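Here's the structure, in structure tokens; my notes come after.
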Amino acid sequence: MLDIKFIRENPAAVKKALATRKADADIDGLLALDAARRSAITKAEELKGERNAASKAIGGLMKEGKKAEAETAKEEVRMIGDRITSLDEQVREFDEKILNTLLFIPNLPLAGVPVGESADDNVVVRTWGEVKKFDFKVKPHWDICEALKLVDFERGTKITGTGFPVYTGQGARLQRGLIQFMLDLHTTEHGYTEVEPPFVCNADAMTGTGQLPKFAEDMYYISTDELYPVPTAEVPVTNLYRDEIIEEKLPLKLTAYTPCFRREAGAAGRDTRGLLRLHQFDKVEMVNFVKPEDSEKQHEILVREAEKVLQKLGLHYRVIELCTADIGFSAAKCYDIELWAPGVEKWLEVSSVSNFWDYQARRARIRCRGEDGKPQFLHTLNGSGVALPRLVVALIENNQNADGTVTIPEALRPYVGGLTKLG
RNA sequence: GGAGAGGUGGCAGAGUGGUUUAAUGCGCCGGUCUUGAAAACCGGAGAGCCGCAAGGUUCCGGGGGUUCGAAUCCCUCCCUCUCCGCCA
């Protein structure tokens, strides 16, 4: 959520920044509501002051036994009370309208984020490793998964539907090993504290990080209990500190594994084959709570922490900086990390590393203390570290051998019981 | 799921209609004293909103109601604890 005070003081800059990310918002209407709200508050508070004084006086009259005078005063104060009720109601309505507008306005891109019209204008920041050469015809991962019985796509549709793969045998072992490998890396080398959060969240949590209200159709929803299966660990982990002033030392770095549930509304029919786009997938996420002045520096560190996973696995990747048109709703700046998958011949996004500035913190009311000891909204960052299915795709496709087996990277072997090859 | 108890400041814990502008204790910060520390003593200290400011206003789990006035009375929802039942 943007700061209404900032919008009030910089309306032109806000409009301009929103335009670069193709967002339309009625800023003038919002500011009119804001002015009306403040005017109503001022009047209401003035009257409340009068009422408080008068009520105190009535108390005095009652004690002195001046009943008649007290009754007269009561009648007068009752009328003040009616006006207050009416003004409070107005304030409540203005508050609601303003909040409902603000909740639908995306974050502003940071200065320096490339201005663009579409994903085509994203910028490659750096590349690590190189495209692997094969002296045989490479297969797409779905063929390998089927041949080695790593995933049972057919039976998955029987018990749930498409997009809910069933990992079997070495495939299941690989999932489990990768999760543990990544959590261990972040906790032992990057200073993270591991968290295992609930896999369903309430609407307040979903609103705090920005999934609701705008993206409700992308979420699964359990109506009987009013809970949402998490689309990312970002939601439960960030909301751990909702409505708090964090007194502990920052940055506070948390990592969590969760399955992620996404309806992928609007993406129906795209990437239906294999493991490229799923309704349920596993992911290890990193969440940072940082002091406002540190967020840009920490953002750079966070990307490197995600990259480390891929480096250890020896996978060729590139880091992309998203342009203003492609950046996520709540983000002020975002890097994507993409792995090269030779079987499907595509760059696959396995991590999205975002700086949310104070946007989520304001929505979720997460604060820290400034130099002066005063509470202030902190900054939140998060990044996938990393998402499993596409990592598995790249790993399998890159490490496939002519004989149909798949070599397991050295670093991962301890996590899959010493297995050196799939198949 | 059933029965009961309870939700007050960082924590503990008073307060059942009007100097509560929320007592008191612990913890915390500053000071005096001390070679230094502890103890003792003195002082300070919550959050939001409106306002250039002075200042005002709201907040005792959430929401609603009664009243001139609500932490306090009423309704409702949520949560926690204890016991019972069921269960991985």
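Lettering follows sequence order; numbering is per chain, from 1. Only a predicted model underlies this, so the values are computations on that prediction, with no experimental measurement involved.
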Pairwise [atom1] distance, [M] and [N] [rounded to whole Å]:
N	M	atom1	result
B:G25	B:U80	P	33 Å
B:C52	B:C42	C1'	37 Å
B:C59	B:A22	C1'	12 Å
B:G55	B:C41	P	33 Å
B:C74	B:U19	C1'	28 Å
B:G69	B:A54	P	30 Å
B:A70	B:U21	P	11 Å
B:G65	B:C28	C1'	40 Å

Determine which bases of RNA chain B form Watson-Crick or G-U wobble pairs with both distances under 3.5 Å, and write the result as a 5' to 3' dot-bracket string with | for other-strand partners.
((((((((.[[[..)..(.....]]].(((((.......))))).(((((....))))).[[[[[..)....]]]]])))))))....
Listing request: all salt bridge (charged side-chain N to carboxylate O under 4.0 Å, His left out) pairs with a residue in residues 26-38 of chain A, at least two apart in sequence or in separate chains.
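Sorted pair list: A:R8-A:D34, A:K15-A:D28, A:D34-A:R38, A:R37-A:D95.
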Please determine if A:E305 and A:K308 form a salt bridge, counting it only when a charged side-chain N lies under 4.0 Å from a carboxylate O.
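No, this pair does not count.
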Write down the distance between [atom1] ([X]) and [atom2] ([N]), rounded to a whole number of angstrom.
X	N	atom1	atom2	answer
A:D95	B:G63	CG	P	12 Å
A:I80	B:U67	CD1	P	16 Å
A:E244	B:G10	CD	P	11 Å

Could you go through residues 385-398 of chain A and list every donor-acceptor pair under 3.5 Å that involves a side-chain atom there, pairing it with any protein atom two or more places apart or in another chain?
from: A:R390; atom 1: NE; to: A:L276; atom 2: O; distance (Å): 2.8
from: A:R390; atom 1: NH1; to: A:E349; atom 2: O; distance (Å): 2.9
from: A:R390; atom 1: NH2; to: A:L276; atom 2: O; distance (Å): 3.0
from: A:E397; atom 1: OE1; to: A:G343; atom 2: N; distance (Å): 2.7
from: A:E397; atom 1: OE1; to: A:V344; atom 2: N; distance (Å): 3.0
from: A:E397; atom 1: OE2; to: A:H141; atom 2: N; distance (Å): 2.7
from: A:E397; atom 1: OE2; to: A:H141; atom 2: ND1; distance (Å): 2.9
from: A:N398; atom 1: ND2; to: A:W340; atom 2: O; distance (Å): 2.8
from: A:N398; atom 1: ND2; to: A:A394; atom 2: O; distance (Å): 2.9

For [X], what residues pass the ring-ring contact (aromatic ring centres under 6.0 Å, His included) criterion, not counting sequence neighbours?
X	answer
A:F164	A:H279
A:F199	none
A:Y257	none

Neighbour count >12 (heavy atoms, 6.0 Å) for atom CD, A:E89
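Atom CD in A:E89 is packed in, count exceeds 12.
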Does A:R83 have any side chain to side chain donor-acceptor pair (under 3.5 Å) partners at least two apart in sequence or in another chain, and if so, which?
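A:R83: no side chain to side chain donor-acceptor pair (under 3.5 Å) contacts found.
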State which residues pass side chain to side chain donor-acceptor pair (under 3.5 Å) with A:Y415; sequence neighbours excluded, sorted by chain then number.
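A:Y415 satisfies side chain to side chain donor-acceptor pair (under 3.5 Å) with A:D184 once adjacent residues are dropped.
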Side chain to side chain donor-acceptor pair (under 3.5 Å) partners of residues 207-216 of chain A, not counting sequence neighbours, each pair once:
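Matches after skipping sequence neighbours: A:T209-A:Q211.
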Determine all donor-acceptor pairs shorter than 3.5 Å in which one atom belongs to a side chain in residues 240-247 of chain A; sequence neighbours excluded.
from: A:R242; atom 1: NH1; to: A:N239; atom 2: OD1; distance (Å): 3.2
from: A:D243; atom 1: OD1; to: A:R365; atom 2: NE; distance (Å): 2.5
from: A:D243; atom 1: OD1; to: A:R365; atom 2: NH2; distance (Å): 3.3
from: A:D243; atom 1: OD2; to: A:R365; atom 2: NH2; distance (Å): 3.4
from: A:E247; atom 1: OE1; to: A:R369; atom 2: NE; distance (Å): 3.2
from: A:E247; atom 1: OE2; to: A:R369; atom 2: NE; distance (Å): 3.0
from: A:E247; atom 1: OE2; to: A:R369; atom 2: NH2; distance (Å): 3.1

Could you list all N or O pairs between the protein and nucleotides 17-20 of chain B that sit under 3.5 Å apart?
from: B:G18; atom 1: N2; to: A:S55; atom 2: O; distance (Å): 2.7

In B/S/- notation, 5' to 3', how is nucleotides 47-61 of chain B contacted by protein heavy atoms closer than 4.0 Å?
SSBSS----BSS---
